[in-house]
Amino acid sequence: MSKANKLWKARVALPRRELQQTTEAIHKLGCVQLIDFKENDGPFRIGTPLRGADETSRQLVKIRGMLKALGVEQAEPTAVVSDPDVDAWLRDEMPSVDSVVSAYSKERGELESRTDDMEGELALLEPLEALPAGIRFDLENAVTLAGIGRKNTEALVLRELRAEVSKAKVKGGWAFAFLIDKRREARLREILTALNFKPIEVPPFKGALGERMRHLRAELPKARKRLGELDAQAKELCGKWSMKLLAAEEVLALRLEKLQAPLRFGTTDHFTVIEGWVRWKDAERVKAALGSIPGVPTHVEILEPGVADEPPVVMNTPRPIYQFEFLQKMYSVPLAKEIDPTVILAITFSIFFGLMIGDFGYGLLLITLGWLLRKRTLFGIGGKAVGEIIMTGGIFATIFGLFLFGDALGIPFNPPPLHPDEYSWSGIFGVQIPITSYVHKLEAGGVIHLMIFSIFAGVVHMGLGLVIGAYNQRHEAKHVAAKAGWMLTMIGFFLLVMKMAEKNDLGGWLTGTFMFNIQSSAFPVFGIQIPYLTPPLLVIGAIVLVITEGYTALLEMISMLSSIMSYIRLAAIGVAKAAIAFAFNLMILPMVLGGVWYMVPIGIALFAGAHVFLLLLGALSSGIQALRLNYVEFFQKFYEGGGTAFVPFAGSRRYTKE
Amino acid sequence: MEAGLVAIGAGIALGLAALGTGIAQGNIGAAVVGVVAEDKKFMGRGIFFFALPETILIFGLALAFLLYFKI
């Protein structure tokens with residue numbers, strides 16, 4: 001974090017009566033994050049809201065209630081209004097709007113609950129419909145228990161009690177209604193429970209069963225129709241007032257935030273002290289602005305944060321990759337004392353994502369998709385962050401597709417040398433396209449190249465993580481030593497893995513260039529070639545780890561090997577996606593190129609559908625896996641996180657202007 | 001004969017790893033759906049946890065590659 005972004009503590013002391021102007025000024029500056037005052041034994045107490053807070057809060061609650069009742073959602077503002085306009089509207093029109101909306105919302109609430117009740121009752125009564133329509137449940141000295149049972153229920157009941165029984169055959173059993181003297185109801189219930197017969201608990205109503213059902217069936221459609229009318233009314237009200245309501249909500253919320261700010265200040269009877277975090281580069285500006293309010297004697301001082309303070313963090317991500325902060329925050333905001341890894345996350349995420357997609361055609365489509373998501377033009381979904389991240393990944397996918405894999409939409413520009421009769425763009429268009437595929441994802445050699453590269457990239461990635469971890473904890477020798485121990489362990493396992501890849505041309509080149517062939521001498525254990533350097537590295541690593549982190553670290557050492565292997569997913573996802581694309585193309589391309597004219601449009605439609613499906617699937621899985629490699633394998637080597645982001649006391653306006 | 005056995009071995013390695021991943025993802029997926037139903041904000045973290053067991057599958061795939069391409 002650069003010095004200009006380091007946070008300092010601003011402390012402002014002023015007479016309590018003059019708070020209003022100073023609060024306004026801080027809000028306007030928009031570069032101070034207020035620190036909540038915590039009551040202690042000292043003379044300061046928590047402040048009280050400024051005058052007008054109660055009224056504003058009441059109005060805000062009312063407006064939010066109306067927004068909710070009408071189901072208004074955030075939308076693009078059609079017109080930007082000013083504060084006085086909003087105040088005038090609140091004064092002159094809001095009361096009448098409020099009465100219309102509350103009448104609407106009251107009727108709607110009652111109607112909805114009545115409809116629900118009627119639907120519930122009808123559902124309860126319907127199984128009993130086969131019984132005589134004259135059955136009543138509202139008798140004075142007798143009780144009717146009705147429900148569905150088995151054929152012998154009646155006989156078993158009548159064996160002990162005298163009751164008047166009505167019955168009818170229904171689907172899944174017999175419907176019974178037992179009419180019995182009130183004094184014997186308890187006994188009848190016992191018997192019925194023993195017979196596993198559950199009486200339907202009919203809500204109380206006057207009159208006979210048949211009559212009630214006719215009534216319900218007549219009333220329900222009326223209620224539903226009225227609900228539909230109310231929906232239309234809400235839509236109309238919404239269209240008329242939603243912008244006014246949103247503007248009022250915005251103004252009132254901003255105002256309330258300012259009026260209630262003193263709840264975050266420490267106050268005595270006469271003085272108030274405001275504390276806040278401010279960037280060093282803004283410190284002078286804050287000092288000048290707050291110190292020069294006419295008529296308010298104010299003392300402003302800028303202090304270095306104390307040891308116990310946990311200042312928030314300004315995530316100072318460079319503009320082009322600013323949106324990757326979203327991915328960083330999804331995991332956790334870094335602490336002020338550690339390196340902010342957002343830049344590395346952005347670069348490695350994009351490279352990994354691009355490598356897994358690795359296709360010229362998909363890359364271009366992803367850039368387009370990212371563009372659409374960024375502007376929310378595709379069904380209104382997406383957002384700036386998601387869109388730009390996908391676009392960046394798409395750029396890398398295009399580059400890898402063009403210069404490394406030499407393919408587009410799963411079809412190589414030129415056929416692989418081992419399978420010269422496969423589909424290729426050169427073959428389809430009948431011209432020689434001068435793009436070389438260095439790696440063919442579906443040939444043994446290409447797959448092995450990708451796997452070796454993945455592992456190599458992983459070790460570089462995790463090594464970087466360990467170095468950052470050591471730097472973050474540079475003041476504690478023990479922790480630095482532990483990172484070194486992990487590094488030795490990682491290199492030990494890495495040599496072991498690379499030993500297997502030595503015979504491969506890429507593996508041989510990598511080990512020869514970057515590792516001076518030091519692992520080439522090895523001894524076999526159970527047929528596995530172990531480089532001479534691996535055991536000493538692992539043993540030294542283990543000793544260092546036991547000393548610095550304790551014996552449990554020994555158990556975790558093997559996880560380093562699985563972390564290295566975990567990077568093979570870069571190759572695996574790429575190959576799997578290419579294989580599915582290959583299969584689709586193998587099935588669909590003969591339709592397009594087969595020469596039967598009516599199959600051509602069908603083939604093209606299928607081709608487009610299959611590749612859109614594959615593109616979305618591939619983007620999702622590549623995105624998740626690229627993220628996971630950063631979150632799990634990379635961050636766990638060094639990252640603490642758990643910081644809070646710097647959020648200055650300021651308001652953003654969308655529907656209004658001052 | 002040998003090529004056939006190698007292919008079967010690769011298939012078993014990949015298949016069993018996929019089965020294990022499936023069992024793990026089934027449980028995690030059910031939990032994630034529950035959490036997301038409560039609060040949509042956990043969608044991102046949920047998908048991330050859901051993808052965790054895929055490492056097992058990757059190991060299976062790597063083994064299958066190693067066997068099949070006779071590295």
Side-chain angles (χ1 to χ4, degrees), chain A residues 326-332 356 383 385-386 389 441-452 454-455 458 497-504 507 528 559 561-576 579 620-633 635, chain B residues 2-71:
Chain A
F326 166 73
L327 294 182
Q328 183 66 49
K329 283 181 184 158
M330 201 160 97
Y331 190 83
S332 181
M356 282 186 270
V386 177
I389 289 166
K441 283 189 226 173
L442 293 181
E443 308 226 316
V447 175
I448 295 163
H449 281 169
L450 266 181
M451 284 169 70
I452 293 170
S454 302
I455 287 172
V497 176
M498 287 308 273
K499 180 72 202 162
M500 287 193 268
E502 200 180 25
K503 280 177 273 153
N504 183 274
I528 299 173
S559 76
L561 180 62
S562 75
S563 289
I564 295 175
M565 300 302 284
S566 180
Y567 279 84
I568 292 180
R569 75 187 61 226
L570 292 176
I573 303 275
V575 171
L620 186 67
S621 64
S622 305
I624 290 174
Q625 302 299 344
L627 203 55
R628 176 223 141 93
L629 286 178
N630 275 294
Y631 281 179
V632 181
E633 271 75 20
F635 281 178
Chain B
E2 196 200 317
L5 286 177
V6 165
I8 290 172
I12 290 175
L14 184 55
L16 287 184
L19 200 64
T21 303
I23 293 169
Q25 287 200 324
N27 290 331
I28 297 172
V32 166
V33 169
V35 172
V36 172
E38 287 280 328
D39 187 347
K40 276 200 184 125
K41 270 187 295 198
F42 287 96
M43 190 74 180
R45 224 178 295 170
I47 290 182
F48 164 67
F49 280 125
F50 183 70
L52 269 188
E54 270 166 33
T55 313
I56 306 166
L57 178 60
I58 306 284
F59 292 161
L61 198 65
L63 255 175
F65 279 150
L66 292 176
L67 282 172
Y68 197 69
F69 294 128
K70 301 195 187 72
I71 299 170

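Residue numbering restarts at 1 for every chain, and letters A, B, ... go by the order of the sequence lines.
Side-chain contact check for A:R569 and A:S454: no donor-acceptor pair (N or O, by modelled atom type) lies under 3.5 Å.
A:I624 touches chain B through its side chain: at least one heavy atom from C-beta onward sits under 4.5 Å away, while N, CA, C and O do not. Contacts between A:S562 and chain B at a heavy-atom distance below 4.5 Å involve backbone atoms as well as side-chain atoms.
Taking CG of A:N630 as the reference point, atom CZ of A:R628 lies at 11.0 Å (rounded to 0.5 Å).
Looking at A:E633 and A:I564, their side chains never come closer than 4.5 Å, going by heavy atoms from C-beta outward.
If you tally non-hydrogen atom pairs under 4.5 Å between each of A:S621, A:A571, A:A572 and chain B, the highest count goes to A:A572.
Aromatic ring pairs are classed by plane angle as parallel below 30°, tilted from 30° to 60° and perpendicular above 60°; the pair A:Y631 and A:Y331 is tilted.
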